[in-house]
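Working notes for the structure below.
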Amino acid sequence: MEKLQISFESRNTKINKIEKMKNSKKPIDAYEKIEEYAKNGYDTIPKEDKEYFLKCFGIFDKPATPNEFMMRIRIPGGHLSCEQTVALGEISRDFGRDYMDLTTRAQIELRYISIENMPAILKKLESVGVTSYQTGVDNFRGIVADPLDSFAFDNIIPSQKTLLKMQEKFLYDEKWISMIPRKFNTSIVGSISNRCNAFGHDCCFVLAQKEGFYGYNLYIGGKVGKIAKNADIFLKNEEEILLAYGALINLFKKYGFRDNRNRNRLFYLIESVGIQEMAKSIREYCGHDFATAGTTLTKLDNEDADQGKMALKDGSFAFHVTIPAGIFGGIDMIEAANISKKYGSGDIRLDIEQNLYMMNIKKENIKGIQDESFFTKYKQLGSPYANHLIACAGEKHCKFGVIPNKSDALNLVQYLEENLPLENDAKIRIYWSACVKGCGLHDLGDIGFEGCKVKVDGIQGYGVHIFIGGRTTRNAKIGYSVLKSIPLKFAHLYVESLVLEYKKLRYKNESFEDFNQRVLNQYSKAAIGFMMTLKTYLKRKNIDIDIGFKENIKTGKNEKFEIFEIGRVLYKEITGEEAYQIIDVFTPKFPKKLEKIDTKKQDIDDNLAQMVNTMLRENNPAIVFSELVDFIQLKN
């Protein structure tokens with residue numbers, strides 16, 4: 001572990017201001033004063049408790065809702081009993097304006113909570129075995145897992161009991177509360193389907209097989225914008241999981257960086273020493289020579305939302321409920337629990353796409369549950385746009401959010417449903433983050449949005465960066481941006497242009513992810529963004545030109561070739577003639593002088609004419625798409 005020590009010393013010559021604050025008192029001291037604060041009122045709460053220490057227990061002061069708190073509730077693996085579900089619903093109804101958010105870590109966030117009601121809420125949570133401990137700041141956040149663990153046919157190793165033992169290592173132990181350099185996210189999945197973003201966390205235990213035995217491969221160092229790396233460690237049983245987990249969290253606690261908070265997640269420690277050194281240190285710390293990695297088996301995407309219900313091993317069903325953008329209410333939560341109990345076990349499971357399952361619904365009860373009035377408000381099976389929608393809290397409830405976000409996500413879905421309906425066998429994951437922090441997992445979506453600020457006509461307003469190509473399975477991959485700083489009011493038009501191509505070119509049962517791999521992956525990022533911009537411009541100007549992506553393009557992601565080919569197609573579509581008679585490798589051969597398009601077609605849009613002429617000009621110097629976008633950028 002010498003390299004870890006050297007790296008630690010090089011980065012920790014000074015500590016950041018949050019570390020200094022953490023050293024000033026024990027977090028539990030703030031927690032134990034909650035009753036006192038409740039009696040004396042919000043204004044008596046010290047600044048450091050509101051800014052940091054109460055967050056260690058999931059209690060977040062929210063300037064957007066003055067004198068009121070958000071509470072993040074820990075839901076291990078997304079598993080809730082009927083009693084727990086009802087209690088959370090009652091807290092929301094009685095103390096939180098009947099509002100709650102389901103989160104992308106399968107947790108629950110209660111809002112509009114006053115400090116005066118906090119003791120009663122904490123008492124009620126404790127009475128049903130639920131806690132908000134360590135759900136904020138520099139702590140071990142809620143561990144995610146397959147919501148259908150133990151029940152799904154593809155669940156090979158039930159993992160929930162192991163998850164709870166992992167949690168026992170740190171949850172109520174003062175030696176761990178706020179003692180690590182930064183937040184620490186964990187996943188464990190023993191299923192073939194990836195229902196929990198298995199590879200996107202600091203520490204990931206993922207179903208694997210080695211020499212005929214099932215166990216888990218260890219992946220480490222995931223975070224927003226980074227997929228966890230394979231540590232080349234195979235864990236054959238619960239004992240080895242707990243050993244490896246204990247080693248990793250202790251190494252992070254001891255050697256993690258405490259200087260720059262923007263660069264002190266586990267990822268940066270691994271980056272500084274290398275994944276092999278980190279794996280070696282885990283083995284050394286345990287004094288145990290774990291086997292090298294086996295074959296990772298968690299390879300299937302989560303298809304549950306597209307089916308509506310999933311058959312379980314015991315002959316019952318998990319009944320899927322789509323909660324658009326995770327916006328839910330306490331009364332609705334209570335009703336969901338009661339319906340689940342009436343027709344099944346009463347248990348509820350939350351997933352990372354902000355939806356829920358009613359568990360163990362008997363086959364003979366399917367018709368009855370579908371007739372419940374609850375399903376006039378929430379759908380078992382929504383449109384392909386709604387089934388996999390994610391949206392984080394947004395500016396209303398998060399100080400980092402720079403766009404409204406949830407309403408934007410819902411408006412987009414409604415627009416696409418009305419203007420470009422997809423067949424039911426389509427699948428498209430649309431993920432929204434209100435800022436660069438990425439709580440809406442925008443970089444893992446088929447289409448993702450990251451909120452930003454942009455200037456339109458000199459006035460600062462809402463904007464988004466648009467991403468595509470994220471994958472959570474089959475070699476999980478972070479997506480990439482194709483359009484930057486798009487005014488939010490135009491975002492639906494750009495996305496419509498892309499989804500139109502998916503609708504036009506997709507095979508039967510082909511998901512957007514597969515379409516992206518088959519078609520869009522032939523193009524450069526710049527070409528995709530340009531085509532979206534071009535098609536949006538043409539629609540806004542009511543210009544009827546058939547232009548789009550091709551299934552077998554041969555431009556090899558070379559921007560010069562792509563620009564020439566798109567320009568050539570535009571020229572022919574507008575004039576009915578080829579710009580050049582002989583073309584070799586996307587280049588005019590023995591070119592005649594180009595007859596400018598606006599002389600051939602005098603009523604053509606000026607911007608479009610100038611752009612096409614630029615794309616096809618003779619002896620064309622190297623140009624790139626960014627030089628062409630200004631011709632067709634939407635201005636108002």
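Atom set for the values below is all heavy atoms of this structure, side chains included, hydrogens, waters and symmetry mates excluded.
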request  = Given side-chain contact (heavy atoms from CB on, under 4.5 Å), test Tyr385 with Ile428 step by step and report yes or no.
outcome  = CA-CA 6 Å; Tyr385 299 116; Ile428 183 166; 3.9 Å; yes
Side chain proximity check, Val499 to Leu422, heavy atoms < 4.5 angstrom = yes
query = What distance separates Glu559 CD from Ile563 CD1, expressed to the nearest 0.5 Å?
reply = 5.5 Å
ask   = Would you call the rings of Tyr219 and Phe199 parallel, tilted or perpendicular, where under 30° means parallel and over 60° means perpendicular?
value = perpendicular
inquiry  = For Lys503, I'd like to know if atom NZ has over 12 heavy atoms of other residues, nucleotides or ligands within 6.0 Å.
reply    = yes
ask   = Under 4.5 Å between any side-chain heavy atoms of Arg11 and Arg263, yes or no?
value = yes
ask   = Closest heavy-atom contact between Asn16 and Glu19?
value = OD1-N, 2.8 Å
inquiry  = Using 0.5 Å steps for rounding, measure from the SG atom of Cys203 to the CD1 atom of Ile282.
reply    = 7.5 Å
request  = Report yes if some heavy atom in the side chain of Phe53 is under 4.5 Å from a heavy atom in the side chain of Val137; otherwise report no.
outcome  = no
key: Residues Gln134, Ile177; criterion side-chain contact (heavy atoms from CB on, under 4.5 Å); working and verdict   = CA-CA 7 Å; Gln134 293 208 49; Ile177 298 173; 3.6 Å; yes
query = Do Tyr523 and Glu562 have side-chain N/O donor and acceptor atoms under 3.5 Å apart?
reply = no
request  = Measure the shortest side-chain to side-chain distance between Tyr431 and Glu353 over non-hydrogen atoms and say whether it is less than 4.5 angstrom.
outcome  = yes
key: Side-chain donor/acceptor of Arg283 to backbone N/O of Phe290, under 3.5 Å   = yes
request  = Rounded to the nearest 0.5 Å, what's the gap from CD on Glu501 to CZ on Phe549? Could you check?
outcome  = 6.0 Å
task = Return yes when atom NZ of Lys399 has more than 12 non-hydrogen atoms of other residues, nucleotides or ligands closer than 6.0 Å, and no otherwise.
result = no
ask   = Would Lys223 and Leu266 satisfy side-chain contact (heavy atoms from CB on, under 4.5 Å), going step by step from the backbone distance to the final call?
value = CA-CA 9 Å; Lys223 69 181 194 72; Leu266 178 65; over 6 Å; no
ask   = Can you check whether Tyr285 reaches Leu248 side chain to side chain, under 4.5 Å on heavy atoms?
value = no
ask   = Under 6.0 Å from the six-membered ring centre of Trp176 and within 45° of its axis: does the NZ or CZ of Lys169 meet both?
value = no
Show me, pair by pair, the donor-acceptor contacts under 3.5 angstrom made by side chains of residues 2-9, not counting sequence neighbours?
unit_1, atom_1, unit_2, atom_2, d
Gln5, NE2, Glu9, OE2, 2.8
Ser7, OG, Ser272, OG, 2.7

Validation row, ring centre Phe257 to ring centre Tyr268 under 6.0 Å = no
key: Close side-chain approach of Ile157 and Tyr216, heavy atoms under 4.5 Å   = yes
note = Quick note, salt bridge (Lys or Arg N to Asp or Glu O under 4.0 Å) partners involving residues 134-144, not counting sequence neighbours, are Lys22-Asp138, Asp138-Arg261
message = Could you tell me if Tyr357 and Asp304 have a donor-acceptor pair between their side chains, going purely by distance under 3.5 Å?
response = yes
task = For Glu284, look at atom CD and say whether over 12 heavy atoms of other residues, nucleotides or ligands are found less than 6.0 Å away.
result = yes
message = Counting neighbours of NZ on Lys226 that are heavy atoms of other residues, nucleotides or ligands and sit closer than 6.0 Å, is the number greater than 12?
response = no
key: Test item: Tyr99 and Ile327 side chains (from C-beta on) under 4.5 Å apart, heavy atoms   = yes
message = Using ring centroids (six-membered ring only for Trp), state whether Phe512 and His388 fall under 6.0 Å.
response = no
ask   = Which distance, rounded to the nearest 0.5 Å, do you find between the CG of Asp232 and the CD1 of Ile220?
value = 11.0 Å
inquiry  = Just checking Phe69 against Phe60, ring centres under 6.0 Å apart?
reply    = no
query = Do you know the tightest heavy-atom contact between Leu243 and Cys286?
reply = O-SG, 3.2 Å
query = Where do Pro27 and Cys56 come nearest, in terms of heavy atoms and distance?
reply = CB-SG, 4.0 Å
query = Please walk me through it: do Asp301 and Lys427 pass salt bridge (Lys or Arg N to Asp or Glu O under 4.0 Å)?
reply = CA-CA 11 Å; Asp301 204 354; Lys427 177 181 177 181; 2.8 Å; yes
request  = Measure the shortest side-chain to side-chain distance between Leu350 and Gln107 over non-hydrogen atoms and say whether it is less than 4.5 angstrom.
outcome  = no
Expected list for residues 479-494: side-chain donor-acceptor pairs under 3.5 angstrom, two or more places apart:
unit_1, atom_1, unit_2, atom_2, d
His492, ND1, Lys489, O, 3.3
Tyr494, OH, Gln633, NE2, 3.2

ask   = Is there a donor in the side chain of Tyr255 and an acceptor in the side chain of Ser281, or the other way round, less than 3.5 Å apart?
value = no
request  = Check whether more than 12 heavy atoms from other residues, nucleotides or ligands sit under 6.0 Å from atom NZ of Lys455, and answer yes or no.
outcome  = no
key: Lys396 atom NZ: more than 12 heavy-atom contacts under 6.0 Å   = no
